[in-house]
Asks: 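Mind looking over this structure? Questions follow.
Both counts, for ligands and for their atoms, begin at 1 and track the order of listing.
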Amino acid sequence: MGLIEKIYDKSPIFLQNIMVSLKGFLNNKSRYGKEYYKYRLFLEDFDNWSFEKKKEYQDTELVKFIKFAYYKSPFYRELYKGIDLSEINGVEDLKLLPIVDKEMLRSNIKNVFSEVHEACVESHTGGTTGKSLVVRMTNIDSMHRMAMLDHFKKRHGFEHRKMRRVTFNGKHIIPPSQKSKCFWRYNRACKQLIMSSFHLSEENLGFYVNKLNRFKPHAIDGFFSSMCDVANYIERKGLKLDFLPIAIFPTSETITEEGRELLERVFGCKVYDQYASSEGAPFVTECKCGKLHIEMQTGVFEQFDDSNEILITSFSTHGTPLIRYRIGDKMSLSKINECTCGISSLMVDSISGRKQDFLYNAEGVKINAGNVSNLFKNVPNAIIRVQLVQNVKNEVFAYLEIDKEKYKNEYDDIIKKEFEHTFGVNTKIFIHHVDKLNRENSGKFRMIVNNVVG
Ligand SMILES: [Zn+2]
């Protein structure tokens, strides 16, 4: 934990709000540059292109991006040795290139980074197996990704930064020692009320609902499971809402049909799903007809095998190029490319992906898989795999398969600190280093084994 976090944790709430907003204004500076506005205009125009024109554009961008990776990233230069890149003219030829998996990325990450002179930001990702990965993203790429996200919301009537939103995310905005029932902070820079996803216990949920009624958000976004917890409480208690949001935009988790129905019933508005990852995957977004569109300007999806696993190639990864990357998510790609919403593009039938795994903290709050994997994101590239086992609510056993050359002893403390922020002070973590973590008989690996739920 850094010095700024320590100062933050010791500050009064009004100061914490100021700090959150300052961070927001700083982020805005790097996210909303000239390139952002230029790309928004492009995206608006792109929606009206014909399918053929979009396909051509995707092919051209792909060839450009592969060349970029070959010339700028030592890892890809080595990987593509002996392959005649001039034979690759578009998506159809992608199979000439080898597949890249997470372990290849993690163990070579410094060579994967491209030699660009542009400013980059680092993003830490936990991923579905708890493998810690640091990816670099150029400022232009993050502006493009932001523009894509905002454009998607705009299609449904929500204008980012002009309208109020509530976000449930994995940020540690509430210090572990806080006694007050104020489980949110306000980021003025984005008109965004950030609500903690770590304090949604039965005794606290009423405070969340009251705050929602006072804040009256135009949209709600972030963790799907957290929104469902709130909605479930509202319905069970028969509470009334004093606002009607324009839309709900869940991120990071696979959404379930029951959950979607619950949210739409309780909040009285539509839920629009999207897919994009912190590693920088291309986008899939839901349209007003409820269909999932591949945003072809952002990259390529391929079906990897019969189990619906996908490979992604993302055009917004100039810092850490991802080409035919086995990201670990599952989708079934559609054969249809026309939709009644008026946008023609490749489509996705369904995103199956991640199971709704979670652990409990001592207070009985569900800590979702996204937040659990984030426990390890601050130990850069040193963890191969993690398994967390829970037998009683106030204890978690963490088994770590580590990279012995990169792992430092003090990393255990970083994880414990992070754990305390996520699970609170009443839940204990026991860390064990192991040589190898076993897969299940099915060949699948489970990051979370929750024996409390059975
Ligand atoms: Zn559509």
Asks: Counting backbone and side-chain atoms alike, is an N, O or S atom of Cys287 positioned under 2.8 Å from the Zn ion (ligand 1)?
Replies: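 For Cys287, the answer is yes, given that an N, O or S atom comes within less than 2.8 Å of the Zn ion (ligand 1).
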Asks: Could you check whether the rings of His318 and Phe68 sit parallel, tilted or perpendicular, using 30° and 60° as the cut-offs?
Replies: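 Because their plane-to-plane angle is over 60°, the rings of His318 and Phe68 count as perpendicular.
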Asks: Does any N or O in the side chain of Ser73 come within less than 3.5 Å of the main-chain N or O of Val112, such that one atom is a donor and the other an acceptor?
Replies: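 At least one qualifying donor-acceptor pair exists.
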Asks: Walk me through whether Ser225 and Asn368 qualify under side chain to side chain donor-acceptor pair (under 3.5 Å).
Replies: CA-CA 7 Å; Ser225 51; Asn368 68 35; 3.3 Å; yes
Asks: How about NZ on Lys237, more than 12 heavy atoms from neighbouring residues, nucleotides or ligands closer than 6.0 Å, or not?
Replies: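 No.
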Asks: Of all the N, O or S atoms in His293, which one sits nearest to the Zn ion (ligand 1)?
Replies: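 Result: NE2.
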Asks: With the Zn ion (ligand 1) at the apex, how many degrees lie between SG of Cys339 and SG of Cys341, rounded to 10 degrees?
Replies: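 Value, to the nearest 10 degrees: 110°.
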